Structure formats: structure tokens, C-alpha cells
Amino acid sequence: ANERGPLVLAAASLQDVLAAAALEWARQGHPQPILSFAGSSALARQIRAGAPADLFISADEDWMNVVEKAGSVQAGTRADIAGNRLVLVAPLHQPVRLAIASGMPIIRALGSSRLAMANPDSVPAGKYGKAALTKLGVWTGVAPKVVRAENVRAALALVERGEARLGIVYATDARASRKVRTVGVFPPGSHPPIRYPVARLMSSRHADAEGFRRFLLSPRGHAVLKRYGFTAP
Amino acid sequence: MAGLSPEEWIVLTLSLKVSLVAVTVSLPICFCIAWMLARWHFPGKLLVDALVHLPLVLPPVVTGWLLLLLFGMNGLIGRWLSDVFGVTLLFRWTGAALAAAIMAVPLMVRAIRLSIEAIDRRLESAAATLGASRLRIFLTISLPLALPGVLAAVVLGFARSLGEFGATITFVSDVPGETRTLPIAIYAAMQMPDGEPIVTRFAILSILLSLGALIVSEILVRRIARGGRHVI
Amino acid sequence: MAGLSPEEWIVLTLSLKVSLVAVTVSLPICFCIAWMLARWHFPGKLLVDALVHLPLVLPPVVTGWLLLLLFGMNGLIGRWLSDVFGVTLLFRWTGAALAAAIMAVPLMVRAIRLSIEAIDRRLESAAATLGASRLRIFLTISLPLALPGVLAAVVLGFARSLGEFGATITFVSDVPGETRTLPIAIYAAMQMPDGEPIVTRFAILSILLSLGALIVSEILVRRIARGGRHVI
Amino acid sequence: MSFDIDVKQTRSGRPITLFCRTDSPLVALVGPSGVGKTSILNMVAGITSPDQGHIIVAGQTLFDSDTGIDLKTARRQVGYVFQDRRLFPHLRVRANLAYGRRAAMSMDMDDVLAFLGIGHLLDRWPHSLSGGEAQRVAIGRALLSGPRFLLLDEPLSSIDRDRKAGILDAIDQIRRRSPIPILYVTHDVAEAERLSALIVTMHEED
Amino acid sequence: MSFDIDVKQTRSGRPITLFCRTDSPLVALVGPSGVGKTSILNMVAGITSPDQGHIIVAGQTLFDSDTGIDLKTARRQVGYVFQDRRLFPHLRVRANLAYGRRAAMSMDMDDVLAFLGIGHLLDRWPHSLSGGEAQRVAIGRALLSGPRFLLLDEPLSSIDRDRKAGILDAIDQIRRRSPIPILYVTHDVAEAERLSALIVTMHEED
Ligand SMILES: Nc1ncnc2c1ncn2[C@@H]1O[C@H](COP(=O)(O)OP(=O)(O)OP(=O)(O)O)[C@@H](O)[C@H]1O
Ligand SMILES: Nc1ncnc2c1ncn2[C@@H]1O[C@H](COP(=O)(O)OP(=O)(O)OP(=O)(O)O)[C@@H](O)[C@H]1O
Ligand code: MOO
Ligand SMILES: [Mg+2]
Ligand SMILES: [Mg+2]
């Protein structure tokens, strides 16, 4: 095997889990894939600018669609590696009681505080959150109370610090944080399915790229993802 | 690039307000720090100098995070501000101005310091022989002679504030009408698959704003240069 | 804060390399631009000035995006560089250095310009009467007299390069050992659930690096100040 | 007593000393270049401090190393014409002249403008003045500040003979009208004699 | 012919003119303050240009508005002692003196240091010099650059009588050994006569 592994462009929110998966893959005697993390949008732009990379793993379907439409994806290589759930979280020491349901009194639960979430117009986690709240009939009411963080982690940080009494993040984030507790899980039907698609890029030259892609889709790959709280796609 | 939508107007005026307040409030403080660094000798000087440069060295998100720790509702200063003055910075335009100011400080201090160090101090002693108090010497001699640096500081600080993103979004998030400045709106648009036209519009607005600031400053620089310059 | 792990070493040395190259390569260019803005009068001057300030005014991600458009494999300059010189910037440390340099330019140009404008031009004509060519006058009179600004530019530029994040990640992403500088490593750590200790370690490293740069610059400033200053 | 000066200061390793007690209202300080004349004026003006000694002018103690008195420059009410002029470059001639002007002034602005011949320069910037013009403006600025005593450091070095005579006449008149003490550095002994000054010569020490 | 100067320039709205054709190697330029003496020297040195006219020194045309000749300052090989000294503040005295020094030089460094009395100042920074010391260093710097002609703008204004005599003697000797033309601005007519100079007086025009 040659020294350098394939170059994988992946959404920043997948950092820890993909690092673990890459390690596992390397343990099987493959060169360690080089992981490059950034926002999905930045990665998609880099790919369109001709970035010489092997795999792209997006945080949502939209940016993968963009890349695919631009003709940067090898046909038949797109597949979903994992899914996720959306949860409502509160600071550990300021518990909030709220059952997630249609018309839930989220505004009262917030009081004078705010609801932290990723940007509902642009960031995947925010878009899912907005969809869910809309479906539950509370979006219009709560929208003025929303603070839009740069990404899910930043939203999580606001809740962790107690600066926002409630936040909407992925189940994987909530699970990883010791400073928040999960108030409730949004029912899967309340928002479009959360999926993380992978695809091999046209510029891919590395012999090992396809192998790693398949590994991520294999039971062993799924086991790693599951360990970090991701659901099956 | 036709007229602006009401939403765009809000972003534009907010950006202007945040930047102007950031520069106006930090300018005197920056001048004091620059003066201290240029004129005084004291044990912790290097530390102050390092502290001033910190927002430049750390990635903006870290600065924003530190601001959150300090000035959040649960932060040391944040709680005190809120208890004593009833002032909240978090998620408010004032917080955005604070973030912009902090990020502009290193640039402003350096520019002013350069000008203070270039002052011919013999002129200050000449003013003293004419009976001028220290305050008067400062106001009528030192300050005017440092004006090129002050002006450069204003331009740099204003431009930097207009462009500030990382610390702002980490500290005060993106609250439309309150903290959604031009860069934050631009960033949000960049996250959208077809946001590029919006990015372009807002970017052009930013450029026009700073161009306006530059023109004003150039006029002022020229006015200063009329006096005080050596010719031949 | 015990010894550094091999990975941390890589990030540290890469950051240093990127910043040093960014400052070293951009310094002469910045000096030329500063000279032009300080000394020449030409029609498009305001435009050049505005262009120089652009990286300050635009949010870094936009600058990164523009770099991507220009210097990417499909970009105008990127394709040319790759065809003619076989040079790729994308995902390479050279690209990170380019991003850092571009972001530092406005600060560096301003500092140098301030010092050039403060030069007593009568000294240059005195040198001419002593038979010095324009080049010699520049090298022996103008440049040394502008040294305080050049030094300030180096410090500001180095600090800014050390802290550069937004343009870098947008342009060259986060490739370990190639583009993963301190701020990018810090950002990555901030995205991880238990990243705070890593963030702190890296932040302290950044601060120590810049403190080192500051100490060196202070020593140089003092050495310059020995000559050339008016006393009393 | 107009001047009672006894000071010592070390400059570039060499000692600069002056001892001078006199009732003469005009003292001409002469001596070779580099001997320390300007250094003495700077001490009397309070710009630098003597290592030891005392400075008493017109009965007022400005400095005394024994009693620890060291009046601030701004409070000494000195009219100092610097050897290197020190006009304020960011102020026009008019504003330079007005800078130290006091309400209870002994001198008339128009008089001063007339005998210095600088009335036509009021709206000019200092950098556009000729050497002698700058020198005359510096004299005007010092005179108009209503000083208790004058320190003149080669004030006429760049001024032509005719004008010099006019200015010396004017200084003579100042002295007659309000007898303020003057300490005058010059290389021109004729000038000093013409003003019937007490001549104090400084010598190089070894 | 040493000097053939016929120039006109407008400064602050007033015309400055000089007409002077002479074989005398030493021309003393006198006239009231502000009449334009320094302006003339600046034109001869090529620092400013006349509006019209010509400047020919020792047979070489430096400027001619008719033929469009305008030699660059650096190529005029002038030794100019500025009224405002213009020592390089970032260079020590030694480096200031060496700045314009040419290999094929007519003057000996030690000689110059001796008659100017500045040998002990070589390691000093300009800002620490007294007025007269700075002036002497400026003279030294100009003499050591091996000039084809000298422009001296009140070079002795801050220098004491004894030293002045010594320097005048030295200039006299320079003249005798290698007869380079000298244009000398002074307010001291005695000085000019002592050097048996041709005295050219500039008058205010109305
Ligand atoms: N800042 C300084 N640092 C070191 N030495 C200095 C400084 N200022 C003056 N000196 C030295 O002190 C001595 C006295 O200087 P001063 O200016 O008082 O002389 P002076 O009598 O006024 O001479 P001149 O007639 O040439 O003006 C000189 O040898 C000078 O070189
Ligand atoms: N840069 C300038 N801008 C405008 N006017 C100037 C400038 N430089 C000199 N002048 C004016 O031109 C005239 C001649 O100046 P110049 O310096 O040649 O006089 P000078 O004969 O050398 O006088 P002095 O004996 O006082 O040095 C003066 O009236 C002066 O005010
Ligand atoms: O996974 Mo992201 O960082 O929300 O694009
Ligand atoms: Mg003196
Ligand atoms: Mg003159």
C-alpha cells in the first residue's frame, strides 16, 4: 500500500466519528485516509473549483445534489452512510419539562431566554429544526426567540453555557455533551429524514478510495457510526 | 443592483451602526493604550502589548468564545453588567459592537502608536515653555501631530468592524435585526446552495460602504497634509 | 502543558512556516503598494486603496471563496499557475500562506504607509546632493527611516497570519500536515464534544508564538530608537 | 538680583557648569560651540534638570537641589527662543504666535509684528518660511507669551544686519520699559556690547 | 567663468530672480531675510527648478530652460551645506560624513576633522549634537563628497569667532589648492570681505 491514503472531504460535524472509522480502516492494513473537515458548503465549493479529492461526505442532501449536478460525482457511487435524530436539549442544571408534541408551550418554557439552533435557512441542522417546529405548529410563534448559531456545535455551546434555555441539535451532539440533557426527541415524521451521503468524486485517483467508501457502508463501518449515536440510513 | 429590500436595509443600517459605535467607543481607549505603549516604561508592558495583539493571533471564533465566557449572562462581567446596569450584551447589537471593537483594537493601537512615536518631542517642551499645561500640550500639540495615525486607525477599525464575522457569530449569534450584520448575512447566504447572488449583493454593499469611508478619510488626510509637511 | 505530541508539533511548525512565508513574501509587495499610495498621485489611486482594504471589509469566507474562484484548478490564475509552473495552491500549504498573506496585506500596507508619510523628504534631497542615486537614496535613507512602520507591519502581519482562519478553511480546507494550521486545529477541536482542553493547549501555543514575535520586535524597535530619535 | 545661577550637569561624559550672580538685567552667554550654552538655557527653562545647584531668576527660585524645588517648565513663565526654532508645524504662523499669548501681556501684537517684519507671514505654514523668517516668528512667539524673563539662543543668527539692528533696538526698549531679565547666547561679541550686557564666558573644562 | 546664473522663480507669489556672470571663484550672496538666497541655492543644486533661465557652473550647464537641459541633483556633484543642516538622523556622525565620500577625493578626512574640530564626535548620533557641532558636521559632509562646486548657506551662523576664523582659513586654502567655485550665503559682510569674495546683493522686488 502506498503511504498516503485517499483524501476525504467531510462535513465538520462528522469529525470524531470519521476519525474513528478511518483509524479502524487503517488497522485493517490500509493507508490511513486523510480527512479534511469544513462546512459542507465550503467543501462543495472547493470541489466545484476542481479540488483533487477522493470522497465527499456531506451533512445533508442539498450540497451533495449541488456537487452531483455540477458533474463532479462518479455515477453510482452516491450512498447514505448514516442517519441521525433531532433533539431538544436544555442545560444540565436548568432542566426544562416539555413534551415534544403539536402546539407544545415552547415559548412559555423559554421564558425570557432564547432558543438556540443552527441557522434555519442555511445550515442543515437548522433547516431540519425549522421543518420540525413548523410541522408542530410552533415555528411562527417561536421564530423571534431563535438565535441562529454558525453551526450545531455553536448552538450546543450556547445551551451548555446556559446562555440559551433550549436548543435544537442532533442526537449525536446531545449524547456527546455532558453539560446538556435531552428534553425530547423530535418524531421522525416531523422533519425530512436526516441523511449523510457519501460519493466518490470525478477527480479521485486513489486506489483505496473505493475501498474506504465501501467500508463506511459495510456492517463494520456502521458499527463505528452506531457507537457515536448515528442511526442506520 | 436595484433598490434595497427592507430586509437588506436593516442589515445595512445595523452594520453601519455596529461599526460606527465600535470605532467611536474604542478609539479613545485605543489611544490611551497606544500612548502608554509608546511613552511609558513599566514592568508589564510586554504583557499589555501581547494582550492587545491577542484578538489578531487567536482565531476569531476563540475570541468570540472568550467573550461569551466573560460577557454572557453567566459570565463574570456579563452578570455584573446585567445586575448593576441592567445591560445585556448577549444576542444584542451592543454585543456585536463589542466583538467588532475587540477585533479592531490591535490594528487601531498599532497605527496610533506609530504616529505617537513619530512625534518630535521637542515641540512638546517648546509648548511647555509657552506656559501650556500637560493637558493643553496633549490636546494642541501631541494629539494633532498624531492625527495621521488616528485617522489610519479609524479607517482600519471601521473596515475591520464592517468585515467582522467569526467573533460576532460565536458571541452573539445571528439574530435578524439585532446582530445580523453584513458579514453574518453573507455567511448565511454562502451556506445556501443558491445563495451566491445574495452573497454578491451584500458583498458589493460592504465594498461601497468601505469605499465611502475611504473617500472621507482621504479627504481628511489631504487636509491634514496641507499643514505640517516638509516640502522639497 | 507537558511536551507536545507529534501531531501538535506538525501543526505548530506548519503554522510557523505558513506565517513566516506569508509575511516574507508579502512584505516587499506591501512596501511597494504603501510607497505608491504615500508618494504617487495617479487616477486610480482610490481604487487601489479600496482594493487593499477589501480583505478587511469582506468576511474572510468571502475572501476565501474569491481565492477559490481565482486560484482553484478551474480558476483563471490557478489554471495558468498549474499549466505554466505546475504549481497547485489548493489544499496545499502554499495556498494557506497565500490566504494568510492576503488577509495581512491591509494591515501591513497601512503601517508602512504611515511611516513613509512621516519621512522628512528634505533628507532625501540632501542625499541627492551627495551624489546618491535614487536607488541608493531609497536603500540608505527612505527605507531605514520607514523601518518603524516596516517592523510594525511584520508584527501585525505575522500575528494576523497566525490567527487566520476563515479564508484559509474556505480556500484550502483542513488537510492535516498541509493546511491544518493552529486556528484550523483550534476550530476543529471546538467542533468536537470534548475539544476544550485541545482548544486551550493550541490557543496557548498561539499566544506563546506571538509573544515570541513581539519580544523580538520590541528588541528591534529599541535598537532603532537608539538612533534617529529626538530627545528632550 | 536678576540671575543667581550655580549649576552642574554632565552631558556626554563632560561636565557643564555655570556660576553667575548678577544684577545686570542682560547677560550675554558666550563660549565655543559645544561648551554647554544651550544646555544651560534648557536647565533655566526647566526642560532638563541640573545634577545639582540652584537657579534663581528675578528673586524666584526655579530650581534648588538642596530644598528639592523644581518648578515645572510651564510655571516658570519663560520666553525661550530655541536655537532650533521649534515652530509648531501643524499651526499657521498666526496660531504659533498666539500659542503662549497671555491676557495680561506687556507687549502689543502689532508692535511685535512690525519690528520683526513678519506681518505678511501670518497665514503661512512654518515649513514654507525661510530660515530668518522662522527665526523671527520664534522670537515673536516667545515675546508674546508675556514672559517673566527671556532666554534667547542665538536668536539673530540668520537675520540680516539691518533687521538685526531693528530687533536689537526693540529688545533694548523692552528692557527699558519693563526690565525683565534676559539671558542671551551669542557668538557675536559686538552684539553683546551693543546691548551693554554683562558678558559671561564659558570655557571648555578638561 | 565660475558662475553664469540667470534664473527666475516664483515663490509664495513673489518673484525671485538672480543674474550673475563672474569669473570670481567665490561669490557671496547677501540680502535681507526672505529675499530668496536659499531658493537660489536650491535651484543651483537642482532641488527645485527655475521657471526660466540657465545655470552654468565652471563651464558645465546644469540647467537651461531653452535647451531643456536639467541635470539631476545627484549628477551635479555639488557640495551643499544646508541652512537647516539636514544630517541623517539614523546615521552616526561618522556615517554622515562618509555618505557622499568619493574615491577620487580632493580632501583628506583627517584634515577636515581637524580644522572643523569634530574628530571627537564621530560616534555620536546627530540628535545629540549642539547647534554648532551639527553645523560643522554638515560642512564636513559636503566637503568630503568631493564636489565640483560648493553651496554654503550661512555655514558659520552658529559657530564661535575663533573656530570661524579657522574654518575660513581652511576654505581659503581649499580655494587656493583646487579652485572650485563657491557660492556663499552670509549676513556677515565682514566674513565675505575677509574671503575677498565678489559680493552679490539681492533686493526685495515690488
Ligand atoms: N542629548 C544629548 N546627548 C548627549 N550629549 C549631548 C546632548 N545634547 C548636547 N550634548 C552635548 O553637550 C555639549 C553641550 O551642548 P550644548 O548644546 O549645550 O552646546 P552649546 O554651547 O549650545 O553649543 P553651540 O554653540 O554649538 O550650540 C556638547 O558637547 C553636546 O555634544
Ligand atoms: N516651500 C515654500 N512655499 C512657499 N513659500 C516659500 C517656500 N519656501 C520659501 N518660501 C518663500 O520664498 C521666499 C524666499 O525664501 P528663501 O528661503 O529663499 O529666503 P532666504 O533669502 O534664504 O532667507 P533667509 O535669509 O531668511 O534664509 C521667502 O519669502 C519664503 O517665505
Ligand atoms: O455538518 Mo455542517 O458543519 O452543519 O455543514
Ligand atoms: Mg547651542
Ligand atoms: Mg535662507
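Chain A is the first sequence line, chain B the second, and so forth, proteins listed ahead of strands; every chain is numbered from 1. Just so you know, these numbers come straight off a predicted model, no measurement behind them.
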- Note on the structure: Given B/Ile184, B/Leu211, B/Ile207, the one with more heavy-atom pairs under 4.5 angstrom with chain C than any other is B/Ile207
- Can you tell which of C/Pro183, C/Ser210, C/Ser206 makes a side chain to side chain contact (heavy atoms under 4.5 Å, CB included) with B/Leu58? C/Ser206
- Option in C/Pro59, C/Ala152, C/Ser115, C/Gly149 with maximal non-hydrogen atom pairs under 4.5 Å from chain B: C/Pro59
- Task: Report, as yes or no, whether the 6.0 Å neighbourhood of atom CZ on B/Arg134 holds more than 12 heavy atoms from other residues, nucleotides or ligands.
- Result: no
- Message: So, taking the atom named CZ in B/Arg160 and the one named CG in C/Leu107, what distance separates them when rounded to the nearest 0.5 Å?
- Response: 8.5 Å
- Message: Are more than 12 heavy atoms, taken from residues, nucleotides or ligands other than B/Glu196, located less than 6.0 Å from that residue's CD atom?
- Response: yes
- Message: Looking only at heavy atoms and a cut-off of under 4.5 Å, which of C/Thr181, C/Val155, C/Thr63, C/Thr170 has the most pairs with chain B?
- Response: C/Val155
- Examine whether an atom of B/Leu114 lies under 4.5 Å from a heavy atom of chain C, and if so say whether it belongs to the side chain, the backbone or both; otherwise answer neither. side chain
- Query: Which residue out of B/Leu182, B/Leu162, B/Leu156, B/Leu209 racks up the most heavy-atom pairs below 4.5 Å with chain C?
  - Reply: B/Leu156
- Task: Select one option (side chain, backbone, both, neither) describing which atoms of C/Arg110 are under 4.5 Å from chain B's heavy atoms.
- Result: side chain
- For chain C, which residues of residues 44-54 of chain B have heavy atoms nearer than 4.5 angstrom: B/Leu46, B/Asp49, B/Ala50, B/His53, B/Leu54
- Atom CH2 in C/Trp65, atom CD1 in B/Ile186: separation rounded to 0.5 Å? 10.0 Å
- Query: Heavy-atom distance under 4.5 Å between the side chains of C/Val62 and B/Tyr187, does that happen here?
  - Reply: no
- Task: Measure distances from B/Val57 to the heavy atoms of chain C and classify the residue's part below 4.5 Å as side chain, backbone, both or neither.
- Result: both
- Message: Below 4.5 Å, heavy-atom pairs only: which of B/Ala203, B/Gly163, B/Ser19 has the largest tally toward chain C?
- Response: B/Gly163
- Message: Tell me if the CG atom of B/Leu76 is crowded by more than 12 foreign heavy atoms within 6.0 Å.
- Response: no
